[in-house]
2 protein chains.
Amino acid sequence: MKIPLYRQIQASLKEKITSGIYEEGGLLPSENDLCTEFNATRMTVRQALNELVREGYITRQHGKGSTVSASRKSLGLLSLKGWTEVVVASDRHGKTLVLEGPMLKKMQNPIFRPLIDTESDEDFIFFKRLRLVEDLPVMYEHTYIPNDNLPNFIEEPLLEGSLFRTLLIRYQIDVQSMTQEVRAIAADKETANLLKIKTKSPVLHLLRKYKTSVEGFFLYSSIYCNTEKFAISSFN
Amino acid sequence: MKIPLYRQIQASLKEKITSGIYEEGGLLPSENDLCTEFNATRMTVRQALNELVREGYITRQHGKGSTVSASRKSLGLLSLKGWTEVVVASDRHGKTLVLEGPMLKKMQNPIFRPLIDTESDEDFIFFKRLRLVEDLPVMYEHTYIPNDNLPNFIEEPLLEGSLFRTLLIRYQIDVQSMTQEVRAIAADKETANLLKIKTKSPVLHLLRKYKTSVEGFFLYSSIYCNTEKFAISSFN
DNA sequence: AAGTGGTCTAGACCACAGT
DNA sequence: CTGTGGTCTAGACCACTTC
């Protein structure tokens, strides 16, 4: 039992939230109930709950209880804020078109170099995806995943079309945080075509490195965003 | 004694960090030392320390201790990542030119409307500032601050040129977090001139709402960034 | 009044860092 | 080895929300 108890509680609750056993907007069991369920004390349960607050899965209110966050966790960043209304972007909402991949590919793209420490000549699992909100293309994304410890990844389709959920359920890999560089650039021809904007229009470029629950295992994404109708918003 | 003990400990340590009593890169007293100093138990002290970690003031290592974060807290977001080297942007580094203000002004700019709930016809304290890194203009910023509870703000110069530090020291207002919307837009003439780029070049536009330790008191900024040489990077 | 989360105590054992 | 932070227990009292 090397994994701390509060981490186990945290993971268990997270799984029940993402799988829908605990519904959005609903209440979690009270701290005392969780204490008996996991045979732990309140301080331990509270540590787990506080981690879930920090990760954006739940909110808490004093005399009330722990509420499952609506629109699920935003991964610490990134949600799309709409013109007048709020549209939440996640692998579950909107549409995602896989334009290329998954396939094995070397990472020839030098823009990731500053983010990567060691790995160089390895093969990566590669995706090209286009994400739409309300049928408007808003994100064009290239994803690179180190081809380690992911047996049969390319052969099997993604669970519910979600990469993160696939990693969590099939490989017990939890994407926990990320760092990113943000720039404004002029869209090249391919990007402009896909995002249905004029070439050289300003687009947001996000260069991302995702940290996972597996030590040393990171995901990389290069994302081009059309922000004419939707802005990227972030918190904290 | 309505303020929780761990908040008092947190505030005390924060003050000693920002004022330089605990030096950057140095070690804080151990948890047990803090226990005796504040007459509290380890759980209480740890709660204060964990808050400081969350706010970016310190980092902690297992067998070692609590280290005061170098280059001070990054406010959860925003640091400028350079060409080859890392440059940290804060009110202490780089240069900041005040182009206009502080002055009283109504907020006529409608772009903030989505961020503001109630306030409408009030006067705001207004700034126009240009920030340079390595003598290159990289950020052009408009700041609006509600003119409540800030006696003599306009009359007195900023402490060490830092708005946040001034709010903290003179008014005990701590800027704790923010939300922002990020877009890529084409620079207008004024912005392009100030940032020394061509008109219609892609620039990053950040619309920010800062949350403070005072309930209901927020700061607002509209920022245009030249990301040709420096990218905005964010964490988590 | 009952149930909830917020704070706090006074211990304990462990794993990691530096000597 | 000592000292540090990481985890955990078994209680306690309080403030808030709901009924």
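Note on naming: letters A, B, ... go to the chains in the order of the sequence lines (proteins, then strands), and numbering restarts at 1 for each one.
- For A/Leu27, the side chain to side chain contact (heavy atoms under 4.5 Å, CB included) criterion is met by A/Thr67, not counting sequence neighbours.
- Taking the six-membered ring for Trp and thresholds of 30 and 60 degrees, A/Phe124 and A/Tyr220 have ring planes more than 60 degrees apart, a perpendicular arrangement.
- Evaluation of the salt bridge (Lys or Arg N to Asp or Glu O under 4.0 Å) rule for B/Glu15 yields no partner, not counting sequence neighbours.
- For the side chain to side chain contact (heavy atoms under 4.5 Å, CB included) test, residues two or more places apart in sequence or in another chain that qualify with A/Gln61 are A/Lys64.
- Against DNA chain C, the stretch residues 29-39 of chain A makes heavy-atom approaches under 4.0 Å through A/Ser30, A/Glu31.
- Within the 4.0 Å cut-off from OP1 or OP2 of C/dT7, at least one side-chain nitrogen or oxygen of B/Gln47 is found.
- Look at CD on A/Gln8: it is 19 Å from P on D/dG6, rounded to the nearest Å.
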Nucleotide by nucleotide, nucleotides 11-19 of chain D touches protein heavy atoms under 4.0 Å in the pattern (B base, S sugar-phosphate only, - none) -B--BBSS-
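- In this model, the phosphate group of D/dG5 is approached by a side-chain N or O of B/Ser66 to a distance below 4.0 Å at OP1 or OP2.
- With rounding to whole Å, B/Arg60 atom CZ is found 10 Å from D/dT4 atom C1'.
- Looking at residues two or more places apart in sequence or on another chain, you find a ring pair (Phe, Tyr, Trp, His ring centres under 6.0 Å) between B/Phe126 and B/His142, B/Tyr144.
- Partners of A/Ala40 under the side chain to side chain contact (heavy atoms under 4.5 Å, CB included) rule, at least two apart in sequence or in another chain, are A/Leu5, A/Ile9, A/Thr44, A/Val45.
- Residues that satisfy the salt bridge (Lys or Arg N to Asp or Glu O under 4.0 Å) test with A/Lys16, not counting sequence neighbours, are A/Glu37.
- Nearest nucleotide to the B/Arg46 side chain, out of D/dG5, C/dG6, D/dC8: D/dG5.
- B/Arg42 is linked by a salt bridge (Lys or Arg N to Asp or Glu O under 4.0 Å) to B/Glu31, counting only residues two or more places apart in sequence or in another chain.
- Taking atom CG on A/Leu5 and atom C1' on D/dG6, their separation rounds to 13 Å, with Å as the unit.
- If you take CG of A/Leu27 and P of C/dG3, they are 16 Å apart, rounded to a whole angstrom.
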